Structure formats: structure tokens, C-alpha cells
Amino acid sequence: VRMTATCLSYYNESIATGDEDGLVIYLEKGADANVCDKDTLTKYTPILTSADWLEPISGQRHMCYDYMDEGSPYSILAMSIGNPPCSGPEPTPAPSGVGKPF
């Protein structure tokens with residue numbers, strides 16, 4: 001089993017890094033391909049994305065994926081504390097006086 005985690009912006013140049021970006025996790029069973037290669041990675045479907053985060057407490061998130069391999073059950077648990085991976089902090093609103101003429 002091969003697991004690869006990366007940011008959407010790694011292989012999609014139309015996505016700006018920062019709050020527009022997101023995490024994707026790939027799982028390939030018996031894969032011989034190099035899933036770290038940008039061109040190869042786009043051929044696969046991620047098993048988990050930033051949309052799968054569960055955040056019971058602000059700034060503490062996790063996501064899970066269950067699968068079977070050769071008849072045995074397995075689980076993947078990804079955890080994150082602080083800023084979401086790949087996304088960075090939420091953009092802060094501009095102060096109310098910025099950009100207004102004096």
C-alpha cells in the first residue's frame with residue numbers, strides 16, 4: 001500500500017497557494033507507479049481531501065478512511081493541529097479604514 005499526501009497546487013497551477021489550496025491524500029494498493037510524479041498523480045482519485053476534515057474543536061481536525069486489503073481491514077487516520085495543511089490561515093479582513101480616502 002502506498003499513501004501520498006500533497007497539496008492541490010502541487011499539480012494544478014491554476015490554484016493559488018494559501019486559503020484557495022487544499023490537501024489531497026491518495027492510497028494505491030499494489031501500485032508500481034510513482035504517485036509523487038505530477039503527471040502520474042492526476043490519473044488517480046484522492047481517497048481524502050480537505051473537504052473530509054472533521055473539526056470538533058477549532059484548530060484540531062482529523063479525517064479517516066477505512067479499506068480492505070487481501071481480506072484484512074485497515075484504517076487511515078490523518079490529524080492536523082493549527083492551520084489546515086496546504087491552506088494556511090484564513091484571510092484576515094482588511095481594517096475598515098484601509099483604502100478609503102482621507
Side-chain angles (χ1 to χ4, degrees):
V1 174
R2 182 179 301 174
M3 186 174 87
T4 303
T6 189
C7 298
L8 288 170
S9 61
Y10 174 71
Y11 60 86
N12 186 339
E13 295 176 7
S14 68
I15 297 174
T17 57
D19 64 308
E20 296 175 12
D21 208 349
L23 177 71
V24 288
I25 298 176
Y26 297 87
L27 179 72
E28 295 304 321
K29 295 183 277 184
D32 292 327
N34 179 5
V35 289
C36 293
D37 177 62
K38 289 181 185 183
D39 294 329
T40 302
L41 198 60
T42 59
K43 298 173 186 173
Y44 293 97
T45 302
I47 57 163
L48 295 167
T49 69
S50 292
D52 295 308
W53 284 124
L54 302 173
E55 192 168 358
I57 299 172
S58 181
Q60 297 180 17
R61 64 197 63 74
H62 68 277
M63 60 175 110
C64 301
Y65 180 76
D66 298 320
Y67 68 97
M68 298 287 287
D69 188 26
E70 296 182 7
S72 296
Y74 293 92
S75 296
I76 292 174
L77 170 65
M79 296 175 53
S80 169
I81 298 174
N83 291 331
C86 302
S87 299
E90 293 291 323
T92 55
S96 59
V98 172
K100 294 182 180 180
F102 291 99

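Along the sequence shown, residues carry numbers from 1. If you're wondering where the values come from, they're calculated on a predicted model, not measured in any experiment.
- A donor-acceptor distance shorter than 3.5 angstrom exists from the side chain of R61 to the backbone of G82, with no hydrogens or angles considered.
- Between the side chain of D21 and the main chain of S9, a donor-acceptor pair closer than 3.5 Å is present.
- Here the CG-SG distance, from L54 to C64, works out to 7.0 Å after rounding to the nearest 0.5 Å.
- Residues satisfying the side-chain contact (heavy atoms from CB on, under 4.5 Å) criterion with M79, sequence neighbours excluded, are H62, L77.
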key: Test side-chain contact (heavy atoms from CB on, under 4.5 Å) applied to V24 and L48, step by step   = CA-CA 6 Å; V24 288; L48 295 167; over 6 Å; no

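- Summarising the geometry, atom CH2 belonging to W53 is positioned 5.5 Å from atom CG belonging to L23; distances are rounded to the nearest 0.5 Å.
- For Y67, the side-chain contact (heavy atoms from CB on, under 4.5 Å) test picks out V1, L27, K29, Y65, D69, Y74, I76, with sequence neighbours left out.
- Within the model, atoms OG1 of T49 and CE of M63 stand 7.0 Å from one another, a figure rounded to the nearest 0.5 Å.
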